[in-house]
Amino acid sequence: MPLLDPKTVMAIKELSLSAKTVIDGFLTGINKSTIKGPGLEFSQYRSYQPGDDLRWLDWKMYGRSDRYYIRESEVETSVAVRFLVDASGSMNHEDGGFKKIDYARSLAAALAYLANLQGDAIGLYVFREGGLFSLAVKQDFQHLTRLYYQLEHIQPGGKFTSPVHYKDIYAGAGKRELLVFITDMYQQQNEIFDLLDSLNTLKHEIIVFHLMGKNELEFDFKGYSVLEDLETGETIRIDPVSAKKQYQEKLEKQLADYRTALLDRHIYYRMISMDQPLDLALRDFLNQRNKS
């Protein structure tokens, strides 16, 4: 589906337009019944009692049975969805003409548009060195615009947020949320898994979208003899040809370890290459959202 091709999406600089374009294209190719609107889900009928609100009287049931029944709708179909975006320096990694943070912005914006379409409340955490940015969870179109604005102004740099700044996460822990974490899983001292463990204690449903460049997956760094760590500035000399096999073996083991570790924590994990269309993540989101 051309509209969901990353290069096409990244070429649209305005996030609101990018998100709408992605979701419009996505919705043309799926069963619309997977998209739930806002409101209350029907639970059961019960007999009418004096004082009941007549707006919930079911006249069709009355026509069939000649008795008055009230429709009880007790199950809220909307959920609270919060997007967690990694804004550490490694998200500046580039492949295919755009950076990881560009893919993360577009993905978060498209998912937020889809969530808003379903009547879900949306919020945002941005993890960066020196602090944690938090946008409260709300449900209205103006709030969606605020979220786009914050995404557009993310400037990655430095290391991942230190746990000392996680107080905002616990402060807003009154309601169970669906958390969508977009990250490259690059960590110095297990800080990302420490974060996920903290979130797990709050009983949130968590999805991790692990972004990797195609050049990272294939170790395609021809012409380069030095690689730089985008978070620490450290450099390492390499021979791209001789190091490739060893690198790919270690990477395969690391990705398998990530999957196992997150599965053990009951966290949904998906590794996404930056050359992959966005619809893979959108489908995962819908599936997990409808379970929440």
Side-chain angles (χ1 to χ4, degrees), residues 3-4 9 12-28 30 32-43 53 55-56 73-87 101-102 104-128 131-154 167-182 199 202-207 209 278-279 281-292:
L3 283 177
L4 300 184
V9 174
I12 305 173
K13 298 305 180 185
E14 188 176 335
L15 271 186
S16 59
L17 179 57
S18 165
K20 186 178 187 307
T21 301
V22 168
I23 297 306
D24 285 351
F26 175 64
L27 294 182
T28 62
I30 67 168
K32 303 300 189 299
S33 65
T34 60
I35 306 295
K36 296 181 179 179
L40 294 171
E41 192 172 85
F42 171 67
S43 176
D53 191 334
R55 288 179 299 174
W56 305 117
S73 302
E74 298 176 343
V75 183
E76 179 65 54
T77 60
S78 61
V79 298
V81 182
R82 194 185 295 265
F83 300 95
L84 288 67
V85 178
D86 182 348
I101 193 62
D102 298 322
R105 280 193 193 100
S106 296
L107 179 56
L111 291 171
Y113 184 91
L114 182 57
N116 187 261
L117 197 65
Q118 299 185 112
D120 297 334
I122 55 173
L124 177 69
Y125 286 136
V126 179
F127 293 86
R128 59 196 179 194
L132 169 70
F133 173 80
S134 177
L135 182 68
V137 171
K138 288 185 181 179
Q139 199 288 309
D140 62 58
F141 186 77
Q142 283 187 333
H143 197 62
L144 179 62
T145 302
R146 293 185 201 104
L147 187 140
Y148 289 154
Y149 177 84
Q150 296 299 334
L151 288 174
E152 286 171 343
H153 287 80
I154 293 175
K167 58 182 182 299
D168 285 346
I169 294 176
Y170 292 101
K175 183 179 179 182
R176 190 168 182 265
E177 298 176 349
L178 173 60
L179 305 180
V180 181
F181 186 24
I182 306 173
L199 296 172
L202 302 175
K203 307 300 181 184
H204 294 310
E205 182 84 18
I206 307 171
I207 305 173
F209 289 128
L278 277 69
D279 63 330
L282 296 175
R283 290 176 189 276
D284 287 343
F285 169 76
L286 273 184
N287 290 335
Q288 295 303 118
R289 185 265 180 203
N290 290 340
K291 291 178 183 177
S292 297

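All values derive from a computational prediction rather than experimental measurement.
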> Taking all non-hydrogen atoms of both residues, which atom of Val137 and which atom of Arg82 are closest, and how far apart?
Replying inline: CG2-NH2, 3.4 Å
> Would Phe285 and Leu178 count as a side chain to side chain contact (heavy atoms under 4.5 Å, CB included) if you check the C-alpha gap in whole Å, the side-chain angles of each, and the deciding distance to 0.1 Å?
Replying inline: CA-CA 10 Å; Phe285 169 76; Leu178 173 60; 3.9 Å; yes
> For Asp284, which residues count as a side chain to side chain donor-acceptor pair (under 3.5 Å) partner, sequence neighbours excluded?
Replying inline: Tyr268, Arg270
> Side chains of Leu111 and Val81: closer than 4.5 Å at any heavy-atom pair?
Replying inline: no
> Are His143 and Asn116 close enough, and set up right, to give a side chain to side chain contact (heavy atoms under 4.5 Å, CB included), and what steps lead you there?
Replying inline: CA-CA 10 Å; His143 197 62; Asn116 187 261; over 6 Å; no
> Between Asp86 and Ile101, which heavy-atom pair has the shortest distance, and what is it?
Replying inline: O-CD1, 3.9 Å
> Given side chains that start at C-beta, do those of Ile206 and Leu84 come closer than 4.5 Å, heavy atoms only?
Replying inline: no
>> Apply side chain to side chain contact (heavy atoms under 4.5 Å, CB included) to residues Val79 and Gln118 and explain how you reach the verdict.
In response: CA-CA 9 Å; Val79 298; Gln118 299 185 112; over 6 Å; no
> Quick check: does any side chain N or O of Arg105 sit under 3.5 Å from a backbone N or O of Ile154, one acting as donor and the other as acceptor?
Replying inline: yes
> Should Gln150 and Val126 be marked as a side chain to side chain contact (heavy atoms under 4.5 Å, CB included) after you check the CA-CA gap, both sets of side-chain angles, and the distance that decides it?
Replying inline: CA-CA 9 Å; Gln150 296 299 334; Val126 179; 5.7 Å; no
> Which value, rounded to the nearest 0.5 Å, describes the distance between Leu199 atom CG and Leu179 atom CG?
Replying inline: 5.5 Å
> For the residue pair Tyr125 and Phe127, does the interplanar ring angle fall in the parallel (under 30°), tilted (30 to 60°) or perpendicular (over 60°) class?
Replying inline: perpendicular
> Can you list the residues that meet the side chain to side chain donor-acceptor pair (under 3.5 Å) rule with Lys138, with sequence neighbours excluded?
Replying inline: none
> Can you name the nearest heavy-atom pair linking Val85 to Leu124, along with the distance?
Replying inline: CG2-CD1, 4.0 Å
> With Ala112, which residues qualify under side chain to side chain contact (heavy atoms under 4.5 Å, CB included), at least two apart?
Replying inline: Phe83, Ile122, Leu144, Leu147
>> Once side chain to side chain contact (heavy atoms under 4.5 Å, CB included) is applied, do any residues pair with Ala109, and if so which ones, sequence neighbours excluded?
In response: Leu15, Ala19, Tyr148, Leu151
>> Which heavy atom of Val9 sits nearest to which heavy atom of Ser18, and what is that distance?
In response: CG1-OG, 3.4 Å
> Can you name the residues that form a side chain to side chain donor-acceptor pair (under 3.5 Å) with Ser16, not counting sequence neighbours?
Replying inline: Glu14
> Got a second to check how far Asp24's CG is from Leu117's CG, nearest 0.5 Å?
Replying inline: 9.0 Å
>> On a heavy-atom basis, which atom in Leu107 and which in Ala281 lie closest, and how many Å separate them?
In response: CD1-CB, 3.6 Å
>> Is any side-chain heavy atom of Val22 closer than 4.5 Å to one of Tyr113?
In response: no
